[in-house]
Protein chains: 2
Amino acid sequence: MPTIKYYLREGLLPAGVLTSPNQAHYDDEHLRRLRLVRALVDVGGLSIASVREVLEVIDTREESLHRKLGAVQEAISQPSPVELDPMAVKDVQAFFERQGETECADVTASNVTHMLAAALSVARSIGHDHFQDLLDPYLEGLKLIARADLEYIATRGSRDDVIEAMVVGTLIGDTVIKAVRRLAHAQVSREVIGEQPPSDEV
Amino acid sequence: MPTIKYYLREGLLPAGVLTSPNQAHYDDEHLRRLRLVRALVDVGGLSIASVREVLEVIDTREESLHRKLGAVQEAISQPSPVELDPMAVKDVQAFFERQGETECADVTASNVTHMLAAALSVARSIGHDHFQDLLDPYLEGLKLIARADLEYIATRGSRDDVIEAMVVGTLIGDTVIKAVRRLAHAQVSREVIGEQPPSDEV
DNA sequence: GATAGTAGAGAGTGCCGCTATCCATTCAGG
DNA sequence: CCTGAATGGATAGCGGCACTCTCTACTATC
């Protein structure tokens, strides 16, 4: 309960309607918002500041859904202090050009592309200088997943629900993907070495 | 530089060879290890304690690669304090049965399955009670990705490299997947609504 | 022998996510 | 109308974590 007070103070939850100077009323919408905050914190692992950013995006009335999703992605991708390897930056640029993405010319302009370049930079720093070869196959798999995401979002009714579904699908989806990926590793490695004697390797 | 001393104290880096009581020598292996630690912290977002766990797994000589990867996954999936929804637990169990996974009968036994159940529980708590429908398509996409991962790992030579490649492929891979997923969303939504007038929605 | 530099260890720092306390008000029960 | 419990609002405190600072003992170098 003191946590709720804290969230109110931090502006994560809208203040309740004051029925009298010391009595505020909270409806289902407040509860829903509280659960969303907890979801972002517990499952998404977001900081309070990031949650505030995400909520601000959700509550903005003006922008298109496309831009909203982009803003959410920016909010949940806090840039790490990793210094970028120029080679990794070139890898990312080449990847974008290969995919016909022209608007992301400047890698450092977006948190998402910065994160990608940072990840490849770190991979390089520990001797993995071909990690970028995985980008294309990753995109193939993720397109499959993205199609499922869009279908899922399409089943949601109102516009507010759509926005929330995108946030949930993005953030909780990331967590789910992490977990399911483990299962996929196990399945594929079993199917690859299936015919070999059970050496229990890989 | 004081950070290195801290890591030494925390046991994340092996002590250097003492050439004299106040002079220690560090070789390339130490540097490599330091970079790996920074990679896990900066890109993987792991806590120092989790990094220690991961390193212990890497340094263990005995177990099979399969078990090692499992141990790494456990280490990087710290369980959240979310209380599990029984329905979500059933969803996860059903998913495993559908995939012929028998060994994971107890969802709470593994951090990974617990994380999955927690994510679905939180999704339910905010009214997304069909999120589990995404598990199967997610697995499809992730199998594609897993095949690429295995190929990537296969290009690595020595056994030590394989283990590290698995850790890197898993942890840095998670970050890369997050970023590329954004691009996939954009591409797929464009291709889905491609023929429609440019309403700039979704 | 004076100086500079290092290993090692303990204490201190800053941030973040809460949590506890305080006070004025006010509502419920009698 | 009086009393006690509860609430809103604000301020201060706490605990954990990832460092960072400092202090001591020692030694290699000039």
Side-chain angles (χ1 to χ4, degrees), chain A residues 1-31 33-56 75-83 111 118 122 125 171 175, chain B residues 1-31 33-56 75-83 111 118 122 125 171 175:
Chain A
M1 202 61 150
T3 309
I4 295 175
K5 281 177 133 183
Y6 168 65
Y7 288 166
L8 284 168
R9 237 177 304 140
E10 292 296 317
L12 302 187
L13 303 174
V17 181
L18 283 178
T19 57
S20 54
N22 68 340
Q23 211 65 346
H25 180 250
Y26 301 95
D27 55 12
D28 287 354
E29 197 50 44
H30 285 87
L31 186 57
R33 173 55 63 98
L34 175 59
R35 290 216 180 98
L36 179 59
V37 170
R38 297 305 320 179
L40 299 183
V41 169
D42 288 338
V43 173
L46 297 194
S47 67
I48 298 299
S50 298
V51 171
R52 185 165 34 229
E53 280 183 68
V54 170
L55 294 179
E56 277 167 11
I76 68 177
S77 319
Q78 66 281 36
S80 64
V82 172
E83 62 185 277
N111 287 347
V122 168
S125 79
L171 246 159
T175 302
Chain B
M1 203 59 149
T3 308
I4 295 174
K5 284 176 133 184
Y6 167 65
Y7 288 167
L8 283 168
R9 237 177 307 143
E10 293 296 316
L12 302 187
L13 303 174
V17 180
L18 283 177
T19 57
S20 55
N22 67 341
Q23 210 66 346
H25 179 250
Y26 300 95
D27 57 12
D28 287 354
E29 196 51 44
H30 285 88
L31 186 57
R33 172 55 61 101
L34 175 60
R35 289 217 181 97
L36 178 60
V37 170
R38 296 306 320 181
L40 300 183
V41 169
D42 289 339
V43 173
L46 297 195
S47 67
I48 299 300
S50 298
V51 170
R52 186 165 34 230
E53 280 183 68
V54 170
L55 295 179
E56 276 166 13
I76 67 178
S77 319
Q78 66 281 36
S80 63
V82 173
E83 62 186 278
N111 286 348
V122 168
S125 80
L171 245 160
T175 302

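Order of the sequence lines sets the chain letters (A, B, ...), proteins ahead of strands, with each chain counted from 1. Because only heavy atoms are used, hydrogens play no part in the values below, and waters and symmetry mates are left out as well, while side chains stay in.
- At least one side-chain heavy atom of B/L46 sits less than 4.5 Å from a side-chain heavy atom of B/L171.
- The interatomic distance linking A/L8 (CG) with D/dT11 (C1') rounds to 16 Å, in whole Å.
- A donor-acceptor pair is defined here as one N or O able to donate and one able to accept, closer than 3.5 Å; no such pair exists between the side chain of A/D28 and the backbone of A/L31.
- Closest contact between the side chain of B/S47 and the listed nucleotides C/dA11, D/dA18, C/dA20 involves D/dA18.
- Residue B/Y7 places no side-chain N or O under 4.0 Å from the OP1 or OP2 atom of D/dA18.
- Rounded to an integer number of Å, the gap from B/E10 CD to C/dG8 C1' is 14 Å.
- For the residue pair B/Y7 and B/R33, no side-chain donor N or O sits within less than 3.5 Å of a side-chain acceptor on the partner.
- Rounded to an integer number of Å, the gap from CZ of A/R52 to P of C/dC16 is 11 Å.
- Checked against C/dT19, D/dC19, C/dC18, the side chain of A/P2 finds its nearest nucleotide in C/dT19.
- Per the geometry, NE2 belonging to A/H30 stands 14 Å off C1' belonging to D/dG8, to the nearest Å.
- In this structure, CD1 of A/I4 is placed 12 Å from P of D/dT7, rounded to the nearest angstrom.
- Annotation: of the two residues near DNA chain D, B/I48 and B/K5, the 5′-most nearest-nucleotide partner is B/I48.
- Contact annotation: B/T3 side-chain N/O to D/dA18 OP1/OP2 distance is not under 4.0 Å.
- At whole-Å resolution of the value, CZ in B/R9 and P in D/dC19 are 12 Å apart.
- A distance-only check finds no donor-acceptor pair linking the side chain of B/R52 to the backbone of B/G11 [under 3.5 Å].
- In this structure, B/Y6 atom OH and C/dG8 atom P are separated by 17 Å, rounded to whole Å.
- The CG-P distance, from B/L13 to C/dG8, rounds to 12 Å in whole Å.
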